[in-house]
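Here is the structure we will look at.
The figures that follow rest on heavy atoms only: side chains count, while hydrogens, waters and symmetry mates do not. Because the structure is predicted, anything quoted here is derived from the model rather than measured.
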Amino acid sequence: MEPDYGFHFEDSFPSMIARLGAEGFIGELCNGFRLLMDVNMGLITFESLKISTCLLGLEVRDDELLCMLMEGDLDGDGALNQMEFCILMFRLSPCLMDMQGMDPVHVNVI
């Protein structure tokens with residue numbers, strides 16, 4: 001039995017894809033990236049992520065922010081570009097990962 005931490009995660013990506021279509025969904029991911037990125041660098045940096053979480057009223061420790069960046073940083077530069085961010089979002093979606101290898105045209109997403 002898994003411990004209950006009082007947090008329930010609902011993966012809304014499949015329903016977003018069903019509603020927006022693949023192109024619209026990718027557009028929304030890109031909008032999310034732009035909200036979190038450092039506008040001067042065009043990347044999500046530790047500093048931009050820290051500022052964004054504070055503006056959203058979230059209390060996230062520095063080590064947690066660094067862990068988030070490291071999870072998606074594929075090129076080792078310590079920041080996330082738009083492609084790394086989108087790949088990370090797909091990897092963190094349990095439903096989308098379950099659909100991996102399936103033809104998305106024939107998958108019925110509720």
Side-chain angles (χ1 to χ4, degrees):
M1 181 176 205
E2 291 184 37
D4 181 11
Y5 296 108
F7 179 78
H8 173 72
F9 174 77
E10 184 176 335
D11 188 356
S12 59
F13 281 1
S15 63
M16 289 175 68
I17 292 170
R19 217 176 31 242
L20 301 171
E23 215 171 291
F25 176 71
I26 295 296
E28 286 305 310
L29 283 181
C30 293
N31 288 339
F33 173 81
R34 284 190 288 278
L35 287 173
L36 299 172
M37 77 175 190
D38 176 310
V39 293
N40 295 318
M41 297 181 70
L43 299 168
I44 297 175
T45 64
F46 172 78
E47 292 79 17
S48 71
L49 195 54
K50 187 170 181 85
I51 290 167
S52 297
T53 56
C54 287
L55 290 173
L56 292 169
L58 303 172
E59 293 182 29
V60 184
R61 296 188 325 258
D62 287 356
D63 63 315
E64 293 173 315
L65 295 174
L66 287 170
C67 204
M68 289 178 201
L69 288 172
M70 288 180 3
E71 181 75 25
D73 183 13
L74 301 175
D75 60 13
D77 66 355
L80 299 181
N81 62 38
Q82 186 169 284
M83 182 61 70
E84 290 171 324
F85 176 78
C86 289
I87 290 170
L88 179 62
M89 293 298 99
F90 270 86
R91 284 182 39 223
L92 294 176
S93 170
C95 292
L96 293 181
M97 291 309 291
D98 287 346
M99 292 168 48
Q100 185 176 348
M102 299 173 86
D103 183 353
V105 174
H106 295 98
V107 175
N108 185 13
V109 181
I110 298 173

key: Gap between atom CG of L65 and atom OG1 of T53 - 0.5 Å precision   = 5.0 Å

message = Are M89 and S93 packed together at the side-chain level, in the sense that at least one heavy-atom pair is separated by less than 4.5 angstrom?
response = no

request  = Kindly write out the residues that satisfy side chain to side chain donor-acceptor pair (under 3.5 Å) with Q82, not counting sequence neighbours, or none if the list is empty.
outcome  = none

request  = Under the salt bridge (charged side-chain N to carboxylate O under 4.0 Å, His left out) rule, collect the residues that match up with E47, sequence neighbours excluded.
outcome  = none

task = With sequence neighbours excluded, tell me which residues meet salt bridge (charged side-chain N to carboxylate O under 4.0 Å, His left out) with D75.
result = none

key: Approximate separation, where rounding is to 0.5 Å, of F46 CZ and L49 CG   = 8.0 Å

key: Validation row: L43, M37 side chains within 4.5 angstrom (heavy atoms)   = no

query = With N40, which residues qualify under side chain to side chain donor-acceptor pair (under 3.5 Å), at least two apart?
reply = none

message = With a 4.5 Å cut-off on side-chain heavy atoms, are E28 and N31 touching?
response = yes

note = One should read off an interatomic distance between I17 CD1 and E23 CD, to the nearest 0.5 angstrom, of 13.0 Å

For S48, side chain to side chain donor-acceptor pair (under 3.5 Å) partners two or more places apart = T45

Please tabulate, one pair per line, all N/O donor-acceptor pairs under 3.5 Å involving side-chain atoms of residues 66-74, not counting sequence neighbours.
from, atom 1, to, atom 2, distance (Å)
E71, OE2, R91, NH2, 2.8
D73, OD1, G76, N, 3.0
D73, OD1, D77, N, 3.3
D73, OD2, D77, N, 3.2
D73, OD2, G78, N, 2.6

query = Parallel, tilted or perpendicular: which fits the ring planes of F90 and F25, with parallel below 30° and perpendicular above 60°?
reply = perpendicular

